[in-house]
Structure formats: C-alpha cells, structure tokens
Amino acid sequence: MSTSTASPSTNSPKPIHVDIAGKAIDLPVVVGSENEHAIDISHLRSATGYITLDDGFGNTGSCSSAITYIDGEAGILRYRGIPIEQLAEHSTFTETALLLMYGELPTKEKLNKFRGLLIQHEMLHEGLRQMFDGFPASGHPMAILSAMINAVSCYHPDVMQMEDDATFKSAAARLMSKVRTIAAAAYKTSIGHPIVYPRPELPYCANFLHMMYSLPNQPYEPDPDIVRALDLILILHADHEQNCSTSTVRMVGSSGANLFASCAAGVCALWGPLHGGANAAVISMLKYIIDNKIDLKDYIAKVKDKDSHIRLMGFGHRVYKNYDPRAKILKGQADKVLKKLGVAHDPMLELAQRLEEVALSDSYFVDRHLYPNVDFYSGIIMRALGIPVEMFTVMFSIGRMPGWIAHWKEQHDDANSRIFRPRQVYTGHTLRDYVPMDNR
Ligand code: CMC
C-alpha cells in the first residue's frame, strides 16, 4: 500500500490518496473541534476490496461525539468542554448528568425540575421489589443490577419509544433514580436486611447512603462531607467517551434497542476486571500484599514478569499515557475522607502510595507510560465510606449512567446513525464437506 496526499484544499484538509493493489481512492480527513485528525475509511472496501484490521480498536474511531474530550498524552478530561477539575470542585452529580445529556449546564429551574423527576421515579414497582427475593444472597450485585435494569422496562413500556424530549427526560430520570434504589436494595438483600425506602427530601447521594445504611429501627444520617465525597466519585465516573461499556451501550443502541436494554448491556461490559471491575481488584491486590506481607519490590517484579499474568491493578490506561486526572483528584480526596473519618493511618492508602512511588520510579512503568488510573484510589475511598467491595463496580455503574444515557441519546438523535456491524478477517477452515457421525 502506498500513500500520498491529494490536491490541496483551502478549507478542509487534503484527502489522503491511497493506492491499494492498483485501486485508488481519496479518503476524506475528518477534523475534530480539538484538532484531532481521522481518516474516513467508510468507502475503502467498496473501492478497493480491503478492510482495516485493528484488534481491540486501539486506532479506530467508532463515531463522532460532542460529549467528552480526552487528551491522554496531556492528562486532560473535559465534559462538554468543561475541565473535570472545575466540575469536581463546583458541580454536583445531578447537574453534571444534565450537562452530559443536554450539552449545557442547567438553569436552576431545569435542575430543580430534573430533581423532581428523580424523586418521582425513586420507588420500585412492588413487582420489581419482589424480584429481589428470587436472587440468592450470594448473587453478585452487578448481575442483579443488569437484570433489574432490563426488568424496569417491563413495568414501564412507554420507555421503549422515545418520541419526544419529555419522554426521554422522564426515562433518563427513571433510570438514574431507580439504579440507585436497585443498587441499595441489592446490597440490603445480600446481607439479609430489609429493603429501605428512599426519602424524597434527601439529595441524590445522601438518599443512596440512607438506603444503604439505615435500618427500620436505626436511621442513618449521612455526614455532609461523606455525601460530598460520594458525589465527587460519581462526577469523576460520569463519562469517559468511547470506553468498553459506553461503546457497548452505543453498539446495542445502534440496533434500535431501547435505553434500558442498552444500559443493562453497559453494566455487563463494565463488570470485567480490566474495566470497572478494577476498583475491586485493586483492593483485593492491596489486601493480598498486606495479608501475605509481600515485599513491594517482589510484587513489582512479578507484575513485570509476563509469565506471571499478574498486572498492577489500577495502573495503565488505553488512552491516558499520563497521570489520569481523575486519579489525581481522588488521591487528594482519599487523605481528606480518611481524616474526616478519624482514620490516622490507613494501611491500604499507605501501601497504595508506596506502590505508586515504586512503580513510577521503575523503567518498566515509565517506558510504557503506565500511571495510576481512576480505580487506583477510588476503592480506598469507597471502602472508607463503608461500601462493601462487591458493590464498588455497582458504584461505578451509578456514576457512569449519565454518560451512557448521553451517548445513547446522541446516537438516537443522529439521523445518520447506522447499525454497528464490524467486519472480520476470517481465519477458519476453507470449504469442506460435512462428515457423517459414523465416519468421524
Ligand atoms: N500492569 C503491568 N503491566 C501493564 C499494565 C499493568 N496494569 N497495564 C499495561 N501493562 C503493560 C502490558 O503488559 C504491555 O506491555 P508490553 O508492551 O511489554 O507487552 C503494555 O503495558 C501495554 O499494555 P496493553 O495491555 O497493550 O494496554 P491496553 O491499552 O490494551 O490495556 C488496560 C489497558 C487498562 C486494560 C491495562 O493497562 C490494564 O490491564 N490495567 C490494569 C487493569 C485496570 O486498572 N483497569 C482499569 C482501567 S481505567 C478504568 C476503566 O476503564 O474502567
């Protein structure tokens, strides 16, 4: 394959001229608002017979999107243009959700209206509540969460069709609100406690903590600093452009599947330890090192040894080749939360800080640009807030919900959107005959 640039154009970049096995095509260049350049190959196969192959999609843009911008080399993350650091300092999870879904910070009136919808939809239908009795106590809350999100749509068939903005907004609020009630109910079921009903006067995170920790005979009054720490965690997880779970939501949504089915699929994709499951894996790793009194240098040596198949959990990222800006914020927050809770020394936080120090002065990590990611410190904070490890990835799901909803909406509203259908390079048998059972 030989490439050269075609004739110059004053306004848009020159198309890339590609000549493959005697067949030529000019591939348009698409430029994003942050000057990111992409080659549009959508007509490559029809013109040349060739497809592109990009295992793991490391070099493939699956869509254009105006929601979240990441510069992985510089460690920049912005929602709708606003730096994550500013949102972390000034915004709330509910406000950030509206920013992601609608593209602008809401007015006070719009925010209050949406809060009203969250309250309106916070209860579970009695039929849904009874479904919790059918799950075994040992059932993983991520399995329960994805099953229950799909089940919600059975009770609200209007969410199958999004004909106008009011229906969408109501469905989005229903999803964001119910996911929090479902998560807390899944936790209560897993420990054999009665499910606690939401309290409409409480804001989003305080209400969640109430449903998690109140007992019928013992109300839980959430501390404002703890509520704020949880709000911050959710804001930091709210979107991250085309990651594995969001791409899954868009993939499922591209077939025309409804918002609930698409987001339930997102929960399943998030569950894996290389994605949202990493926050729980970090705690298991730190616990393993502490319990077995493992020397850090020995552990790092194991991580570097490819045959061990051990990774330093909470480290590395497909996009960030610099410190994950979310991890930077959470690292500072971990200290604050622990102090607030009166924990002078947390062995896990101290170990995490030492691990980071050792790793960042080791050429293996430096050369590969492996830095702490969002999951490295988030688990330490959630653990300090009393959230059980099995619930960590559920917390990630609650946080990521506005992002998934925003991406589903963006795709749904795009008149040019097509069903996602990647191709493959087939490497199996060529034509052969069926062999009858007796001859095998
Ligand atoms: N520990 C040890 N080595 C690593 C790690 C790690 N955590 N991450 C990457 N590497 C090495 C990898 O072995 C490879 O080395 P080499 O070039 O010698 O073969 C090189 O770095 C590039 O790694 P990769 O696997 O090609 O990178 P990727 O972009 O496919 O994977 C990742 C990204 C996040 C899955 C990976 O870094 C990883 O497994 N990290 C640990 C799990 C984790 O923390 N996941 C949370 C990600 S952030 C939140 C989220 O997305 O949910």
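Both ligands and their constituent atoms are indexed starting at 1 by order of listing.
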Quick one: which ligand 1 atoms are inside 4.0 Å of a heavy atom on Ala278? 43 (C), 44 (O), 45 (N), 46 (C)
Look at Arg326 together with Asp324 and state whether they make a salt bridge at an N to O cut-off of under 4.0 Å. yes
Hey, are the side chains of Lys178 and Met148 touching, using non-hydrogen atoms and a 4.5 Å cut-off? no
Indicate yes or no: does Lys304 engage Asp362 in a salt bridge with an N to O separation below 4.0 Å. yes
Interfacing atoms of ligand 1 (cut-off 4.0 Å, heavy-atom, Val303): 1 (N), 2 (C)
Is the shortest N/O to N/O distance between Phe315 and ligand 1 below 3.5 Å? yes
Between Tyr220 and His210 (judged by ring centroids, cut-off 6.0 Å), do the two rings come close enough to count as a pair? no
If we number the atoms of ligand 1 from 1 as shown, the ones under 4.0 Å from a heavy atom of Gly314 are 43 (C), 44 (O)
Between ligand 1 and Leu370, is the shortest N or O to N or O distance under 3.5 Å? no
Salt bridge present between Asp225 and Arg228 (N-O < 4.0 angstrom): no
For ligand 1, find out whether one of its N or O atoms is nearer than 3.5 Å to an N or O atom of Arg326. no
I need the atoms of ligand 1 closer than 4.0 Å to a non-hydrogen atom of Leu274, numbered in the order shown. 39 (O), 45 (N), 46 (C), 47 (C)
What I want to know is whether Phe396 and ligand 1 share at least one N or O pair that is separated by under 3.5 angstrom. no
Below 4.0 angstrom, counting only protein heavy atoms, does anything approach atom 22 (C) of ligand 1? no
Geometric cation-pi criterion, Lys169 with Phe114: 6.0 Å, 45°: no
Smallest separation among heavy atoms of Ile233 and Ser378, with atom names: CD1-O, 4.4 Å
Is the shortest distance from a Lys or Arg side-chain nitrogen in Arg80 or Glu104 to a carboxylate oxygen in the other one below 4.0 Å? no
Hey, would you say the Phe315 and Phe376 ring centroids sit under 6.0 Å apart? yes
What atoms in ligand 1 come closer than 4.0 Å to a heavy atom of Tyr364? 2 (C), 3 (N), 4 (C), 11 (C), 13 (O)
Flag: protein heavy atom within less than 4.0 Å of atom 39 (O) of ligand 1: yes
For atom 51 (O) of ligand 1, what is the closest protein heavy atom, and at what distance to 0.1 Å? His275 ND1, 3.1 Å
Return the set of residues passing salt bridge (Lys or Arg N to Asp or Glu O under 4.0 Å) with Asp335 (not counting sequence neighbours), or none when no residue passes. none
Would you please determine whether Asn243 falls within less than 4.0 Å of ligand 1 on a heavy-atom basis? no
What pairs with Glu34 under salt bridge (Lys or Arg N to Asp or Glu O under 4.0 Å), at least two apart in sequence or on another chain? Arg78
Within the structure, does at least one protein heavy atom fall under 4.0 Å of atom 16 (P) of ligand 1? yes
For Lys306, take its heavy atoms, then give the atoms of ligand 1 lying under 4.0 Å from any of them. 13 (O), 15 (O), 16 (P), 18 (O), 19 (O)
Proximal ligand 1 atoms for Arg368, defined as those under 4.0 Å from one of its heavy atoms: 11 (C), 15 (O), 16 (P), 17 (O), 18 (O), 20 (C), 21 (O)
Where ligand 1 meets Gly276 - atom numbers and elements under 4.0 angstrom, heavy-atom basis: 52 (O)
